[in-house]
Amino acid sequence: DAGVIQSPRHEVTEMGQEVTLRCKPISGHNSLFWYRQTMMRGLELLIYFNNNVPIDDSGMPEDRFSAKMPNASFSTLKIQPSEPRDSAVYFCASSPLGGSFADQPQHFGDGTRLSIL
Amino acid sequence: GESVGLHLPTLSVQEGDNSIINCAYSNSASDYFIWYKQESGKGPQFIIDIRSNMDKRQGQRVTVLLNKTVKHLSLQIAATQPGDSAVYFCAENIGGGKLIFGQGTELSVKP
């Protein structure tokens, strides 16, 4: 079974450049989550969508970060302009929508390792 | 310059022994808990979950125990194998689909 698919797996770019990370959730999953993982801060939720609608973006660090979900099978996380402190591994996760979010584990992709020079 | 990261708690066990990984959670209103396993270069992988109306749940070689009184969660792995070496995270659902992850514990299995 296809899991959550993220691209690219690795991205190295210079400070000031625009970065776009992509995610394809598991088919049939209605909720999509973007996380950032660093050694200092661990795994942090940035934003999540339910039925393609952003529900909570309180974890998005700054206006330089934006996320979209134009349809049920695709989401992007964009950083513009990028800065060295944005270097991290970015994960996308999805889960099925049940009667309550409480019973559904999130399934993660293998992440995008982002390095901003 | 190079950033200094946090050092994860480490548990080292002998192959074949049982492992117990502990986690303290923060929100007494959390109603759902998940254990994830993360191997190097990969995303967190779902292992087992438990709802707050239970205090124990068993899977294949894994058991999760929940003590709501002291807000403590543990993961027991029976007959630990080298393939179990990874970082293990607990996560609590604080509501609205939001998960808060613990800092993680690195499990090292010695052959």
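Below, each value reflects all heavy atoms present in this structure, side chains not excepted, and no hydrogens, waters or symmetry copies.
The same ILVMFWY cluster, assembled from side-chain heavy atoms under 4.5 Å apart, contains both B/Val64 and B/Val13. Taken together through direct or relayed side-chain contacts under 4.5 Å among Ile, Leu, Val, Met, Phe, Trp and Tyr, B/Ile94 and A/Phe33 form parts of separate hydrophobic clusters. The hydrophobic clustering, which links ILVMFWY residues whose side-chain heavy atoms are closer than 4.5 Å, places A/Phe49 and A/Ile26 apart. A/Val4 is not connected to A/Phe108 by any chain of hydrophobic side-chain contacts under 4.5 Å among Ile, Leu, Val, Met, Phe, Trp and Tyr, and they are in different clusters.
The minimum heavy-atom distance between A/Pro105 and B/Asp49, with the atom names listed, is CD-OD2, 4.0 Å.
In this structure, A/Met15 places its CE atom where only 12 or fewer heavy-atom neighbours from other residues, nucleotides or ligands lie under 6.0 Å away. Within a 6.0 Å radius of CD in A/Glu14, no more than 12 heavy atoms belonging to other residues, nucleotides or ligands are found.
Within residues 109-117 of chain A, the residues having any heavy atom less than 4.5 Å from a heavy atom of chain B are, in residue-number order, A/Gly109, A/Asp110. Within residues 56-90 of chain A, the residues approaching chain B closer than 4.5 Å by heavy atoms are, in numerical order, A/Asp56, A/Ser58.
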Could you give me the CA-CA distance, side-chain angles and deciding distance for A/Gln37 and B/Gln38, then say whether side chain to side chain contact (heavy atoms under 4.5 Å, CB included) is met?
CA-CA 12 Å; A/Gln37 186 176 41; B/Gln38 187 175 22; 3.0 Å; yes

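Counting only distance, with no hydrogens or angles, the side chain of B/Tyr36 and the backbone of A/Gln106 share a donor-acceptor pair below 3.5 Å.
B/Lys42 places none of its side-chain heavy atoms less than 4.5 Å from the side chain of A/Phe91. For the pair B/Lys98 and A/Tyr48, the minimum side-chain heavy-atom distance is below 4.5 Å.
Contact of A/Leu43 with chain B is made through backbone and side chain together, with heavy-atom distances under 4.5 Å.
Taking the ring centroids of A/Tyr35 and B/Phe101, they lie under the 6.0 Å cut-off.
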